Novice: 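Once you've had a glance at the structure underneath, I'll fire off some questions.
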Amino acid sequence: MNCWIRRGGLASALAFAVASSSRAQADTVCGSVAASWNVPAGAVVFSRTPGPVRDVIDAAGESRSHSMLSHGPGGSASHASMVEPGRNSYSTPFSGFCQTPLKASELREGYPGASVISAGGVYTYFYGDGSEPEFLYFQQGDPDGSNPGDTVQNYLWNDAPALEVTSRADRGQTLWLFQNAEQTSRLNYSLYQFRDIERTNLGETAWNDGVVCSTFLAWSQARSGVNVEEPLGYSNEVIVRAAQQLHDNVQSECSSSIGFWGRIEASLSCPLTDVCSRAANQVVNCMTTGECGNTDDDWRRVVADPNNGAYSISPDCVGGWNACPRFPDPGASIWSYDDSRLVQWNADGNQYGCWD
Amino acid sequence: MLGLKRVRPWLFALGAATLLALLGLWLTRAREAGPAVAIERAQPPVQAAALRAQRSAPPVAAAAPASPTSAPIIDEIVVEKPAPCVGEETLVTVRAHTPDANDAELHYLIGTGTGQSVPLRAWLDERGQPPEFQVTVFGKGNTATSAPVPPLRVQPCQVGMFAVIAHRALPNRWGSFAFRAELRQQQSGGPAKSVALSARRYHWTFGDGSEEQTDTPEVTHSYEERPQQTLYSQFLVRVEVVTRDGRTLVARDALQLVNPAYESWTRKGIVSLMVALDPPFPVLSAAGRVEQGVRLRHYRPEPVTIESVQAVRYYADGAGQSPAQSVDVPSLLGTDRIPAGRGLDLHVTLDPQAEPDVLSVTYYLKGKSADGHPVVGSFSVMRPPPAPNADNSTRVTNPRLVAKIRRAREQLGKSVVSDADLARLESQGAFNDL
């Protein structure tokens, strides 16, 4: 249940000046042609990417950490994801960043949430800086000849309410952000969806208008009228493991400057607090209770209650793997019948050239 | 001044202690009150969740737990270095079995990593305590057994400079990886920092009996010949980095790779056709056509029969697709049977000049195994993207990316560079000054 963060690359535009000041280079323009994939419209792409939320998946014994809906070869894709939350300002060793490292609002309302990414953005998402996929497969969405997968992607492309915004990473690009049915908010990426899907699979709006990649696909099936996918219950034993795994991984990556959380830059002078530990607590509290500004280890109390479990839909379940139902079983997704098929690209990435 | 000189030392100690106590009290209050910077605390959903719980089943696993006898049994947990320095790598290995001969389904979670042998690093938390790592072994149906890793007695020594390995799957290949060695320097009182230090050589072993030596920090390796007899295969990758100043740093990386053919067979009863492409990316021949080599293989002991092939043309710029068209199986494959073992090699062609609107053609294969199970597979022949020019490209506006592109073109002597070129140069430090 990752659907996680895009690091570096598109998400963090670094406004460094171009090194050369030569007049000829100043007049040179560079452009790109996107690499295209072979994934048909309405098929879902599954991947497994290292990172903290992959460990939540691993704690459940599952495998896939992200799922994304294709709008066709050479086209775009729709998914739910989140860029790294910002850091609070450093003010003193006793406040601000040192006390609460991560911006709670950005952790809680993950940006961009459910959105459309361009063909060029898709390749960068999987193979750009910091992305380290272990596999990439697709599964078709036509279990019965009526091609409901195409209906879902058509709904998202043509009918689902969406807001056009300027890309934060590239001002020359626009981004489409999906909205809730009332069009009062974008669909945020919400860690709490891992804990409780809150009827998102019925096409309803969850607390905080939250989705993650797999629950967004469940939402899309319901909103387009093709199917209702049912969540799976996870025992208290699983959320205990998941919470601990998530905490330890955030702390470890932050401390060793490796992986997504390695960019927290905990090297700022906070001699009296453990920034990495606090950041880890924020992330786990965000997932277990939605309290994304809480830097205490209150999550331990939550997971220690044997009555607390989780109720959600994971990418493995969208794909019909492990204990998840498979079409035509009740509650299965429309992609769950299919096998894993190799995602192919027509080039080793986007192609770049420059000209005067 | 004169007054201070007369104060007795014990008064200084009392004063200092009082001051520290007051400071501690102030800090505690500051923490409870929240940071000085305004941080929103949203209304947590727990109350709403509790209300829903009154109307519906609580969010606990609905599935009945598996029989305790089918849960794996952990035989042994071995810790390489029980007393590592802060941040020092120590390998933790678990041995387990299932009581009902389902060892083929075993997979492992050790601390912050997956695999049967996982390198872990322990960092002390705010209270000066190391993490309490757990081992979890999953069996069939994801029944799980957990046990604590024997507590690490983390020493106050510093690991100093250390190496780590990152891995990623290569595009257009189902089981080949690129590995990259990176150096880090532990900082006193803070997290480790990346280090740009050139190394003389890298000696790699891949956990499958093969090894390689490189003078760059990246290497690729294929695991596509691995058997598909278990749900996961386990490999421990190791690199020895010999730096130019004579140090030798060792890093390891655990790979727990899902075996797709086993997964499909056991979960869905499907015989998967695994695809290998040669070349991995489409290339235009001198005649202006794409000649794509494809190998199809499966993991059943007997040949499988391909009963139908449907070809779908996908048009450029997301302009839709053609209806599926039946393809004569022997004309495409040269036969209607794919043998066991090495599988079948074939070639398909795409002529962009004859079909200028077609981006790719995908062939969808269906058949039956000797024991009547469905056989499923597909592969595509694609047209490579055109070289970017002023008319067909999207302008790059990110200044750093523009700088990288220009530098890559100069260094590689190519007018067109790709994301893969940029990533390779980045790992070699070619953009460190940008």
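In what follows, chains are A, B, ... by sequence order, proteins preceding strands, each numbered from 1. Just so it is clear, the structure is predicted and the values come from calculations on it, not from any experiment.
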Novice: Just checking, is any N or O donor in the side chain of A:N38 or B:S360 under 3.5 Å from an acceptor N or O on the other one?
Specialist: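 No.
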Novice: Nearest 0.5 Å, please: how far is OG in A:S32 from CD1 in B:I405?
Specialist: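 Here the interatomic distance stands at 7.0 Å.
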Novice: I need the A:W37 CH2 to B:L359 CG distance, nearest 0.5 Å.
Specialist: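 Answer for the CH2-CG pair, A:W37 versus B:L359, is 12.5 Å.
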Novice: Do you know which of B:G111, B:G141, B:G87 has the most heavy-atom pairs with chain A at a distance under 4.5 angstrom?
Specialist: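 If we count pairs closer than 4.5 Å to chain A, B:G111 comes out on top.
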Novice: Does the pair B:R180 and A:E132 meet the rule for a salt bridge (Lys or Arg N to Asp or Glu O under 4.0 Å), with working shown?
Specialist: CA-CA 11 Å; B:R180 187 177 70 250; A:E132 297 163 355; 3.8 Å; yes
Novice: Minimum heavy-atom separation for A:Q351 to B:P385, with atom names?
Specialist: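 So the minimum-distance heavy-atom pair works out to CG-CG, 3.7 Å.
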Novice: Can you tell me how far the OG1 atom of B:T136 sits from the CZ atom of A:R241, to the nearest 0.5 Å?
Specialist: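 These two atoms lie 4.5 Å from each other.
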Novice: Report which part of A:A280 has an atom under 4.5 Å of a heavy atom belonging to chain B: side chain, backbone, both, or neither.
Specialist: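 Contact with chain B involves no heavy atom of A:A280 at all.
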Novice: Taking B:A423, B:A390, B:A408, B:P386 one by one, which has the highest count of heavy-atom pairs under 4.5 Å against chain A?
Specialist: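 The answer is B:A390.
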Novice: Between chain A and each of B:A420, B:S418, B:P374, count heavy-atom pairs under 4.5 Å; write down the option with the most.
Specialist: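 That would be B:S418.
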Novice: Do B:Y364 and A:R341 have side-chain heavy atoms sitting under 4.5 Å apart?
Specialist: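 They are in side-chain contact.
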Novice: Identify which part of A:Y337 has an atom lying under 4.5 Å from any heavy atom of chain B, answering side chain, backbone, both or neither.
Specialist: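 Just its backbone gets close to chain B.
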Novice: Which one wins on heavy-atom pair count under 4.5 Å against chain B: A:A35, A:A59, A:A119, A:A41?
Specialist: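 Top option by heavy-atom pairs under 4.5 Å: A:A59.
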Novice: May I ask you to decide if A:G61's main-chain N or O and B:H107's side chain share a donor-acceptor pair within less than 3.5 Å?
Specialist: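 Checked: pair present.
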Novice: If you take all heavy atoms of A:Y127 and B:A169, which pair is closest and at what distance?
Specialist: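 The pair with the smallest heavy-atom distance is CE2-O, 3.4 Å.
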Novice: Looking only at the side chains, is there a donor atom on one of B:D421 and A:Y352 sitting less than 3.5 Å from an acceptor on the other?
Specialist: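 Looking only at side-chain atoms, A:Y352 and B:D421 do not form any donor-acceptor pair under 3.5 Å.
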Novice: Quick one: does any side-chain atom of B:N172 pair with a main-chain N or O of A:W345 as donor and acceptor, under 3.5 Å?
Specialist: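 Flag set: sc B:N172 to bb A:W345 pair under 3.5 Å.
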Novice: If you count heavy-atom pairs under 4.5 Å with chain B, which of A:S47, A:P133, A:G74, A:G72 comes out on top?
Specialist: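 Most pairs with chain B among the choices: A:P133.
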Novice: For chain B, find which of A:S340, A:G75, A:A347, A:G353 contributes the most heavy-atom pairs closer than 4.5 angstrom.
Specialist: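 Highest number of heavy-atom pairs under 4.5 Å: A:A347.
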Novice: Regarding B:T112 and A:D248, is there a side-chain donor-to-acceptor distance under 3.5 Å anywhere?
Specialist: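 No, no side-chain donor-acceptor pair sits under 3.5 Å.
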Novice: Any donor and acceptor pair, going by atom type alone, linking the side chain of A:N346 with main-chain N or O of B:R383 inside 3.5 Å?
Specialist: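 Looks like yes, one N/O pair under 3.5 Å.
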Novice: When you look at A:E134 and B:R173, which way does the salt bridge (Lys or Arg N to Asp or Glu O under 4.0 Å) test go after all the steps?
Specialist: CA-CA 11 Å; A:E134 284 190 9; B:R173 280 150 284 201; over 6 Å; no
Novice: Minimum heavy-atom separation for B:N142 to A:A60, with atom names?
Specialist: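 The answer is ND2-O, 3.4 Å.
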Novice: Give a yes or no on whether the backbone of A:C30 and the side-chain of B:R406 come within a donor-acceptor separation of less than 3.5 Å.
Specialist: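 Absent.
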Novice: What pairs with A:F135 under ring-ring contact (aromatic ring centres under 6.0 Å, His included), at least two apart in sequence or on another chain?
Specialist: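 A:F135 satisfies ring-ring contact (aromatic ring centres under 6.0 Å, His included) with A:Y137 only.
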Novice: What's the shortest heavy-atom distance between A:W355 and B:S393, and which atoms?
Specialist: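 Result for this residue pair: CH2-OG, 3.1 Å.
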Novice: Can you see which heavy atom on A:Y123 is nearest to which on B:D419, and at what distance?
Specialist: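 Taking every non-hydrogen atom into account, CD2-OD2, 3.5 Å.
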Novice: Chain A heavy atoms under 4.5 Å from B:E263: which part of the residue, side chain, backbone, both or neither?
Specialist: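 Both parts, backbone and side chain.
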Novice: Under 3.5 Å, side chain of B:R267 to main-chain N/O of A:A323, donor-acceptor pair present?
Specialist: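 A pair under 3.5 Å: no.
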Novice: So which part of B:V258 gets closer than 4.5 Å to some heavy atom of chain A, the side chain, the backbone, both or neither?
Specialist: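 For B:V258, the side chain is the part near chain A, not the backbone.
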Novice: Between B:Y315 and chain A, with a heavy-atom cut-off of 4.5 Å, which part of the residue counts as in contact: side chain, backbone, both or neither?
Specialist: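 It is the backbone, since no side chain atom gets that close.
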Novice: Using only atom types and a distance under 3.5 Å, with no angle test, would you say the side chain of B:K268 pairs donor to acceptor with the backbone of A:D338?
Specialist: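 It does hold such a pair.
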Novice: Quick check against the 3.5 Å criterion: does A:Q344 have a side-chain atom that pairs as donor or acceptor with the backbone of B:S380?
Specialist: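 Present.
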Novice: I'd like to verify something: which residue of B:V275, B:L257, B:L277, B:L422 has the highest number of heavy-atom pairs under 4.5 Å with chain A?
Specialist: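 Going by pairs under 4.5 Å, I would pick B:L277.
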Novice: Checking A:L342 against chain B: side chain, backbone, both or neither under 4.5 Å from a heavy atom?
Specialist: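 Looking at A:L342, just its side chain touches chain B.
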Novice: Out of B:P171, B:P131, B:A122, B:P260, which one racks up the most heavy-atom pairs below 4.5 Å with chain A?
Specialist: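 Most heavy-atom pairs within the cutoff with chain A belong to B:P171.
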Novice: Is there a side-chain contact (heavy atoms from CB on, under 4.5 Å) between B:T114 and A:R54? Walk through the geometry before answering.
Specialist: CA-CA 10 Å; B:T114 52; A:R54 191 197 76 175; 3.6 Å; yes
Novice: Between A:S36 and B:M382, which heavy-atom pair has the shortest distance, and what is it?
Specialist: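 The answer is O-CE, 3.5 Å.
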Novice: Where on A:S76 is there a heavy atom nearer than 4.5 Å to chain B: the side chain, the backbone, both, or neither?
Specialist: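 For A:S76, neither part sits under 4.5 Å from chain B.
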Novice: Top residue by heavy-atom pair count (under 4.5 Å) with chain A, among B:A316, B:P384, B:A178?
Specialist: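 So the answer, after comparing B:A316, B:P384, B:A178, is B:P384.
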Novice: For the interface with chain B, which of A:D348, A:L136, A:D339, A:V33 has the highest count of heavy-atom pairs at distances below 4.5 Å?
Specialist: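 So the answer, after comparing A:D348, A:L136, A:D339, A:V33, is A:D348.
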Novice: Between A:P40 and chain B, with a heavy-atom cut-off of 4.5 Å, which part of the residue counts as in contact: side chain, backbone, both or neither?
Specialist: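 The answer is both parts of A:P40.
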